[in-house]
2 protein chains.
Amino acid sequence: MPKLGMEPIRKAALVKATIVEIGRTGNLDVTVSQIARRAGMSPALAHHYFGSKEEMFVSAMRHILTLYGAEVRGALATATTPEQRVQAVLQASFSPGNFRREAVGAWLNFWIMAQTMPGARRLLAIYQRRLRSNLLAGLRPLIGARAGTVADGLSALIDGLYLREALKHGLPDGRAAVLMARTYLDCALKEAER
Amino acid sequence: MPKLGMEPIRKAALVKATIVEIGRTGNLDVTVSQIARRAGMSPALAHHYFGSKEEMFVSAMRHILTLYGAEVRGALATATTPEQRVQAVLQASFSPGNFRREAVGAWLNFWIMAQTMPGARRLLAIYQRRLRSNLLAGLRPLIGARAGTVADGLSALIDGLYLREALKHGLPDGRAAVLMARTYLDCALKEAER
DNA sequence: TTTTGTTGATTGACGAGTCAATAAACTTCG
DNA sequence: CGAAGTTTATTGACTCGTCAATCAACAAAA
């Protein structure tokens, strides 16, 4: 009973199912059959819409990035001062949603894929550029020329804190990560105004 | 022609081959046959010495950790002041060896495994504890009670900087990472003496 | 009837782990 | 010392399973 216009619906379902399955297993040992079953269709249909499993993975990562980007934009919308802008990025980066099993699995395997898959590497570069640029927008009014270095450090710190919190036993605490990043930030700001 | 006492030799060869293969592919899609071939033996023999592929992976990670630990100890041996102790940890963490393809692959997949494999999780906890303790030993004489927080922040920053440098296009530059971490450290020290 | 949606069946391949069998080195004990 | 037995090393062949991708065929909408 083919209703037309199924393509975007099917693709969205597959992307979501891919993320769930990666979160479930923790790695990329996920079969097209599993994904398709979870998305409520046959494996053949999955291959029909995405040419290959790899394309499913890349699309899944793109979706994760889109979600994260939306969260950042939402947080930035309520920020008025430069400090609040930086704080907004931190808040969004360590929001509870980012620590769900699916998100953690997606990010960790994102890094794995970025090693070898050009599409993944490109996406990761986009994420990094956007993060840096968002931080820079908040930092430049505060510390001018020194903003670049601080943005780089803060970016790395965000990734590192996320990694540690995500791999920690027990329920991860995003607020602790935000606090730790803020400490770095405050320190850098004081150093600059000296 | 079985010469006796082959076990340690074979195991070492398999561990090394496992690391090389993970570095080659970037992920854990490595077959026992590939590993065994590279180690110069039959797949059956690999299964004989390690009960399963998973045990090979865990042993490979243990080896990576051992190498890293030795590098840290070596660097610490030449340090006399507390500052030099911290600096030694940074230097060892960002040494060129850690940025070889095999090492990067090992670490990235280490994190993947730590999500679900208890053995890997335990190893990661050991690494984190040791890193923290090494940093603490250098930081406590400098800033006393505040050392804990700074050690945590510096640990996360090390992981984050490593991740970024390892995934960067082109040849990674450990010295840049050391410098970035030093900036954080100096900032924290100045803040503390205020 | 052309396009879009959908699937069952199939292909062709690969892979982890087992097992039986062979061979050499060590041990025991008469 | 030397034969019989034991342990260690080693592999080819095999089992049982899986999986990505293809294809032919069917159904319904335009």
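In what follows, every chain begins at residue 1, and chains take the letters A, B, ... in the order their sequences are listed.
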ask   = For B:Arg10 and D:dT10, is the shortest distance between a side-chain N/O and OP1 or OP2 below 4.0 Å?
value = yes

query = For the hydrophobic clusters of this structure (ILVMFWY residues joined by side-chain heavy atoms under 4.5 Å, transitively), does one cluster hold both A:Leu185 and A:Leu179?
reply = no

query = What is the distance from CD of A:Glu54 to P of D:dC19, rounded to the nearest Å?
reply = 18 Å

ask   = Between D:dA9 and B:Tyr49, is there an OP1 or OP2 to side-chain N/O distance shorter than 4.0 Å?
value = yes

task = To the nearest Å, give me how far apart NE2 (A:His47) and C1' (D:dC19) are.
result = 9 Å

query = Using a cut-off of 4.0 Å on non-hydrogen atoms, how would the nucleic acid contact of A:Phe50 be classed: base, sugar-phosphate, or nothing?
reply = nothing

request  = Side chain of A:Val32 only, please: which of C:dT7, D:dA9, D:dA20 is the nearest?
outcome  = D:dA20

Length of the line joining A:Ile9:CD1 and C:dG5:C1', which is rounded to integer Å = 12 Å

ask   = NZ of A:Lys53 versus P of C:dA13: gap in Å, rounded?
value = 19 Å

request  = Answer with yes or no after comparing the ring centroid distance for A:Tyr127 and A:Tyr68 against a 6.0 Å cut-off, counting only values under it.
outcome  = yes

remark   = From the candidates D:dA21, C:dG5, C:dA16, the one with an atom nearest any side-chain atom of B:Thr31 is C:dA16

ask   = Where the side chain of B:His48 is concerned, which of C:dT6, C:dA16, D:dT10 is the nearest nucleotide?
value = D:dT10

inquiry  = From CD of A:Glu55 over to P of D:dA20, roughly how many Å is that when rounded to an integer?
reply    = 15 Å

request  = Salt-bridge test for B:Glu21 and B:Arg24: reply yes if a basic N is under 4.0 Å from a carboxylate O, no otherwise.
outcome  = yes

ask   = B:Ala44 has a side chain; which of C:dT4, D:dA20, C:dT18 sits nearest to it?
value = C:dT18

query = Cluster question for you: counting only ILVMFWY and a side-chain heavy-atom cut-off of under 4.5 Å, with indirect links fine, are A:Val20 and A:Ile22 together?
reply = no

message = Over all strands shown, is B:Gly51 touching base, sugar-phosphate only, or nothing at heavy-atom distances under 4.0 angstrom?
response = nothing

ask   = Once you round it to whole Å, what is the distance between P of D:dT11 and CG of B:Leu45?
value = 6 Å

request  = Rounded off to whole Å, could you give me the CG-to-P distance for the B:Leu14 and D:dT11 pair?
outcome  = 11 Å

query = Can the ring centroids of B:Tyr184 and A:Tyr184 be said to lie less than 6.0 angstrom from one another?
reply = yes

Candidates D:dT10, C:dG5, C:dC26 - which lies nearest the side chain of A:Met6 = C:dG5

message = From CZ of B:Arg37 over to C1' of D:dT11, roughly how many Å is that when rounded to an integer?
response = 15 Å

